[in-house]
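Here is the structure we will look at, set down as structure tokens.
What you see is a predicted model, and the numbers here were worked out from it, not measured in a lab. Within every chain, numbering begins at 1; the chains are lettered A, B, ... in the order of the sequence lines, protein sequences first and strands thereafter.
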Amino acid sequence: MTLVLFIDMDYFYAACEEARHPEVKGKPVVVGTAPPNDKLRGVVQTCNYEARKLGIHSAMPTSQAFKLDKNLVYFGDDYKYYGEMSEKVMALLKAYGHRTEVVSIDEAALDLGEMGYDGARGQAEAIKKEIMAKFGLPCTIGISTGKIYAKMMCDESKPNGLGIIEEKDLKAFLKGKDVIRILGVGKKTADRLNAMGIDTIGKLAKADPNVLIDNFGIFGKELYQLANGIDTSRVEDKYTILSIGRERTLQKETTDMKVVESMIKELAKEAIEELNRQHLWFKGISVKAKYTDFTDKIKNKQFNNYTDSLDLLTTEGVKLIRPLITDRAVRKVGIRVSSLAKREGQKKLS
DNA sequence: CAATCGCTTCACT
DNA sequence: CTAACGAGTGAAGCGATTG
């Protein structure tokens with residue numbers, strides 16, 4: 001029986017800030033999205049456990065967080081730094097020699113193979129210790145027979161934990177859990193399941209698989225299998241980026257194409273920087289305008305050839321977004337490149 | 001009729 | 001008090017279009 005180890009960094013962005021500002025440890029720390037010049041207009045990205053105790057959580061408006069504690073420590077997000085820390089952690093994990101999947105900036109899965117539960121525990125303890133010693137970052141690890149179960153166990157063991165769920169205990173482990181705990185099931189899907197009378201994974205396991213498939217397609221089948229102890233997910237050693245985008249709230253809502261244009265230029269530059277860092281080309285672009293009523297509109301375009309040209313992205317981006325800028329006031333704009341390809345070994349046509 | 005396109009919806013931090 | 005607070009990143013889903 002091969003085992004999967006799932007690791008999730010605890011309150012990652014806030015922990016990164018604590019690592020480089022040790023003096024704030026023990027205080028409530030919030031990392032927020034930071035629209036230029038007005039942090040109160042953003043929302044909380046991540047916060048440490050001291051802040052959570054006060055009721056602060058992800059996606060809460062920063063203004064509201066300050067109402068709960070006017071003395072909290074606030075940092076505007078710094079993706080570049082978090083990305084660097086993430087890369088260091090991932091490199092450390094890969095050095096253990098197992099097939100390793102980078103799931104997100106702060107999560108990874110390792111296929112431990114046939115080392116047994118005791119071996120897996122030893123490995124997990126070593127990893128936790130090394131990450132703390134080298135980077136000062138806490139993390140939580142879950143271990144089970146499949147990636148998704150390992151992740152669920154990980155979620156359950158936070159913070160700074162280590163949880164193992166053995167195969168013989170799997171059914172009992174899953175039975176009472178809310179369906180929303182399943183990876184890929186958010187509020188909307190959970191509501192639909194609830195409406196069908198399914199609120200726990202135990203009930204999901206007993207549901208009619210055909211009804212699930214009718215309602216959710218292929219995902220319905222996966223849900224059914226998962227609820228019954230079959231985790232078909234695999235630990236993949238490659239991590240494919242499908243798109244890279246940047247979006248930002250304007251300082252002030254506007255109908256002025258000039259303002260939108262200069263923001264698009266700025267965002268295009270940032271997106272290309274990331275594209276270059278990842279050594280990719282793009283073939284598709286999309287732009288987005290979000291209006292004051294919080295609805296948004298997106299425009300896409302595909303090119304015939306791959307490119308990495310900032311000029312092209314900027315000019316085409318501006319052209320694409322023009323029809324979205326009308327007399328409706330816009331509060332946020334964004335640009336994204338997609339249909340990506342690795343640079344090496346391929347010839348750029350132009 | 002399958003692949004691709006253009007756009008919306010959803011999940012998550 | 002369930003209205004108003006409301007960022008950013010990215011993938012998945014899906015109907016329309018096209019070769």
Measure from [atom1] on [X] to [atom2] on [N] and round the result to the nearest Å.
X        : N      : atom1 : atom2 : value
A:Ile298 : B:dC5  : CD1   : P     : 17 Å
A:Phe75  : B:dT13 : CZ    : C1'   : 18 Å
A:Ile148 : B:dC12 : CD1   : P     : 12 Å
A:Asp293 : C:dA4  : CG    : C1'   : 15 Å
A:Asn300 : B:dT8  : CG    : C1'   : 10 Å
A:Asp296 : B:dG6  : CG    : P     : 18 Å
A:Lys283 : B:dT4  : NZ    : P     : 8 Å
A:Ile105 : B:dC12 : CD1   : C1'   : 13 Å

Taking [X] for the side chain and [Y] for the main chain, is one N or O donor matched with an acceptor at less than 3.5 Å?
X        : Y        : value
A:Glu101 : A:Ala108 : no
A:Asp231 : A:Lys147 : yes
A:Lys301 : A:Ile285 : no

Could you write out each protein N or O paired with an N or O of nucleotides 9-12 of chain C at a distance under 3.5 Å?
unit_1, atom_1, unit_2, atom_2, d
C:dT9, OP2, A:Glu247, N, 2.6
C:dT9, OP2, A:Glu247, O, 3.4
C:dG10, OP2, A:Gly245, N, 2.9
C:dG10, OP2, A:Gly245, O, 3.3
C:dA11, OP1, A:Leu242, N, 3.1
C:dA11, OP2, A:Ser243, N, 3.1
C:dA11, OP2, A:Ser243, OG, 3.0

Short side-chain N/O contact to [N] OP1/OP2 from [X], under 4.0 Å:
X        : N     : value
A:Gln302 : B:dC5 : yes
A:Lys297 : B:dC7 : no
A:Thr249 : C:dG8 : yes

B:dC12 versus C:dG6 - spacing of their C1' atoms, nearest Å: 16 Å
Look at the side chain of A:Thr33 and decide which nucleotide, out of C:dC5, C:dG8, B:dT13, has an atom nearest to it. C:dG8
Which nucleotide in B:dT9, C:dC5, B:dT13 has an atom nearest any side-chain atom of A:Pro61: C:dC5
Between the CD atom in A:Glu222 and the CG atom in A:Leu212, the distance rounded to the nearest 0.5 Å is 12.0 Å
So how far is it from A:Leu204 CG to A:Leu193 CG, rounded to the nearest 0.5 Å? 6.5 Å
Side chain to side chain contact (heavy atoms under 4.5 Å, CB included) between A:Leu174 and A:Met152, worked out: CA-CA 9 Å; A:Leu174 295 172; A:Met152 290 176 79; 4.1 Å; yes
Side chains of A:Asp8 and A:Thr140: any donor to acceptor distance under 3.5 Å? no
